[in-house]
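Everything below concerns the one structure shown next.
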Amino acid sequence: MKIEKLEFSDLISGYVKQYDGGESFTMSTTDGREFNVILGSNLYARLLRNLGEPYSDATAMIKNLLKPGQMLFVYGIFYPNGDNKDDYVFEAKCIDFPGKNKDDFRFEEEDWWAKQSREICDFFLHAQFPDGDINYDNYRTSLMLTGERNDSTYRQETDTISRMIYGMASAYMLTGEERFLEAAEKGCKYMQDHLKFYDTDENIVYWYHGIDVKDGREHKVFASEFGDDYDAIPMYEQIYALAGLTQTYRITGNPSVYRDIKMTVDLFEHFHDKERGGYYSHIDPIFLDPLADSLGGNKGKKNWNSVGDHAPAYLINLCLATDEKKYWDFLVETADTITEHFQDYDNSPFVQEKFNEDWSHDYNWGWQQNRGVVGHNLKIAWNLMRINSYAPKDEYVKFAETIAAKMPEVGMDIQRFGWYDVMERKTFDGENFHRFAWHDRKAWWQQEQGILAYQILYGILGKDEYLKYARESAAFYNSFFLDHDDGAVYFNVLNNGLPYLLGTERMKGSHSMSAYHSVELCYLSAVYINMLATKKPLDLYFKPEPGAFRDDILHVSPDILPKGSVKIDSVTVNGTSWDKFDADALTVTIPATNTAPKIKVTLKPV
């Protein structure tokens, strides 16, 4: 195929290689390819800024910032030049700097992620409750780019409410600001009152797909109405229904919330394949049967969501809150199942995600066919490293490191940074690259998986290449996904970092998006960077109800981290110093009060 010479604009991300003070410099990409960059006319530059911060111009500083090793993002124009069709010159039009020197990354500031969580959650509070009254009767799944509610639809989806609750609870843990806890607690109560079904015969809880609310009336939607899950109860919807409840429970210990969490976990036994292991992806909504013929193509299927998503969505947080052995055992079983069945490196650099009942590979299901989700691979690496800190196993670390080595080769944009979406697991005949399933855009949630995977890999294993990928991923995300005009984060950007604002990907609230992944990234980045990388203190806030936690013991471990890597430095209760805590066990004795005390815990790395 012959393409005549043409100009085009694009992004090059990497590091300054050489600059002699003239009108051009040399930069190298993450894989070492070099580009000569002309400092063009009308060139401007920006320093990285967080949500809620003013524009930070760096145009006058460009030549001082072009020091060897400085990370930067250069957007410019490739011009054809010369007789060779491959000869181009590249003129820079905009340069983004993540910091003021090669060792300065603003997203590693001690309070960067806490501030970002505050801004994101304030956006959602204002969007959902513009009059300031936190009333979930007025909640809507669909939010426009600006935060305006889409009044043409009255759908309230359970999972998006749960995801928003998770964001609010996590923002409270990082900031201690009461409006976020109010939103989390009221959201939990709303879910329990409006979206829960209690099966008295089975003594289990399951959650409606959603409800339509109009003129004060509710129409409950039991089975899923989303794409390939239609008319079934998909496991992932039940899993994510627990995300917000469990994170809020970590803070408050609310016994009714814990009861509903436990009875939903009991529901999961209906998805459990007790003979072959793992969990089915769907059950019939009438008989709760994963093998019902009515499920059609979802009959007897297993997948990443049904087997692995327990861990990040709720199970790790449930383990941290309760320290119950049965939940830890469930978590380890999840990691063991993933490790046993998902590796398929003789056939593909991507894990296998879809399975039949007997664990044979399913290459025909719905949209996935024989495709790999980049973010799911990274998510496995991230969560195996978390679980390994509780139950160390060589096979967990080996699997995680295999993913960490393979994904930059096939799922990362080595020219621009950032992580791609869905790709073909195998190359086509005569080709040496993996095709994209639909597009080469980048989704916000997949950036989260990449950032967290390499942050925890570096924090635990200390390898320089993991720090490099963590920083490159976080720099791309913070440079291009933060919406400084309307607030919160974009759903998708083009491969060059420009926002993609069409269809549902234009929206800030949808079936797929709420305040979950963006604030989960804030919470865990604050933990991994402060506790494992930069070795700075971290404040977390809790507000336990009187008598809610067993033996009045509050577990405050921020995540599953290597044993002995973190301890409590100090505790205050309602602003007063409190010395009844076990610094090494990461527990606080809750004072005997008639009201919920506000407990601030300062953690420090060891």
Main-chain N/O of G375 paired to Q446 side chain as donor or acceptor, under 3.5 Å: yes
Distance flag, aromatic centroids of F197 and W207, threshold under 6.0 Å: no
Polar side chain donor-acceptor pair, D96 to Y75, under 3.5 angstrom: no
Checking L540 against V527 for the side chain to side chain contact (heavy atoms under 4.5 Å, CB included) test, could you report, in this order, the C-alpha distance in whole Å, the side-chain angles of both residues, the deciding distance, and whether it holds? CA-CA 10 Å; L540 293 181; V527 172; 5.5 Å; no
Say whether, by atom type as modelled, one donor and one acceptor occur between the side chain of T534 and the main chain of I529 under 3.5 angstrom. yes
Would you confirm whether Q447, through its side chain, and W419, through its main-chain N or O, come within 3.5 Å as a donor-acceptor pair? yes
Flag for T264-Q238: side-chain donor and acceptor within less than 3.5 Å: no
Cation-pi, F350 ring and R425 (6.0 angstrom, 45 degrees): no
Side-chain donor-acceptor contacts of residues 557-566 below 3.5 Å, not counting sequence neighbours, with atom names and distances?
{"residue": "S557", "atom": "OG", "partner": "D559", "partner atom": "O", "Å": "2.8"}
{"residue": "D559", "atom": "OD1", "partner": "R386", "partner atom": "NE", "Å": "3.3"}
{"residue": "D559", "atom": "OD1", "partner": "R386", "partner atom": "NH2", "Å": "2.5"}
{"residue": "D559", "atom": "OD2", "partner": "R386", "partner atom": "NE", "Å": "3.1"}
{"residue": "D559", "atom": "OD2", "partner": "Y528", "partner atom": "OH", "Å": "2.7"}
{"residue": "K563", "atom": "NZ", "partner": "S389", "partner atom": "O", "Å": "3.2"}
{"residue": "K563", "atom": "NZ", "partner": "Y390", "partner atom": "O", "Å": "3.4"}
{"residue": "S565", "atom": "OG", "partner": "P562", "partner atom": "O", "Å": "2.7"}

Does the ring centre of F268 sit less than 6.0 Å away from the ring centre of Y279? no
Is the positively charged end of K302 above the ring of Y280, judged by distance under 6.0 angstrom from the centroid and angle within 45° of the axis? yes
Could you tell me whether the side chains of N50 and Q116 share a donor-acceptor contact shorter than 3.5 Å? yes
Would you mind writing out the side-chain donor-acceptor pairs for residues 330-339 within the sub-3.5 Å range, not counting sequence neighbours?
{"residue": "E333", "atom": "OE2", "partner": "H272", "partner atom": "NE2", "Å": "3.3"}
{"residue": "T334", "atom": "OG1", "partner": "F330", "partner atom": "O", "Å": "3.0"}
{"residue": "D336", "atom": "OD1", "partner": "K393", "partner atom": "NZ", "Å": "2.9"}
{"residue": "D336", "atom": "OD1", "partner": "Y396", "partner atom": "OH", "Å": "2.5"}
{"residue": "D336", "atom": "OD2", "partner": "K393", "partner atom": "NZ", "Å": "3.1"}
{"residue": "T337", "atom": "OG1", "partner": "E333", "partner atom": "O", "Å": "2.8"}
{"residue": "T339", "atom": "OG1", "partner": "A335", "partner atom": "O", "Å": "2.8"}

With ring centroids as reference points, do F222 and Y206 lie under 6.0 angstrom apart? yes
H376 side chain to G372 backbone, donor-acceptor under 3.5 Å: no
If you count every heavy atom of other residues, nucleotides or ligands that lies below 6.0 Å from K274 atom NZ, does the total exceed 12? yes
What I want to check is whether the side chains of N478 and W112 have a donor and an acceptor closer together than 3.5 Å. yes
Keeping K442 on the side-chain end and F417 on the backbone end, is there a donor-acceptor pair under 3.5 Å? yes
Between the side chains of H341 and Q352, does any donor sit under 3.5 Å from an acceptor? no
Does Y466 use its side chain to pair, donor to acceptor, with the backbone of A453 at less than 3.5 Å? no
Could you check whether any side-chain N or O of N377 sits under 3.5 Å from a backbone N or O of V351, counting only pairs where one atom can act as donor and the other as acceptor? yes
Under 3.5 Å, is there a donor-acceptor pair linking the side chains of D483 and Y490? yes
Residues E157 and T141: side-chain donor-acceptor under 3.5 angstrom: no
Tell me whether the count of non-hydrogen atoms from other residues, nucleotides or ligands lying under 6.0 Å of CG in D358 goes above 12. yes
List in chain and number order the residues that pass side-chain hydrogen bond (donor to acceptor under 3.5 Å, both in side chains) with K301, two or more places apart in sequence or in another chain; answer none if no residue qualifies. N356, D362
With K354 as the cation and Y363 as the aromatic partner, state whether NZ or CZ is under 6.0 Å from the six-membered ring centre and within 45° of the axis. no
Assess R506 against F491: is NZ or CZ under 6.0 Å from the centre of the six-membered ring, and within 45 degrees of the ring's axis? no
Relative to F428, does K426 satisfy both conditions: NZ or CZ under 6.0 angstrom from the six-membered ring centre, and within 45 degrees of the ring's axis? no
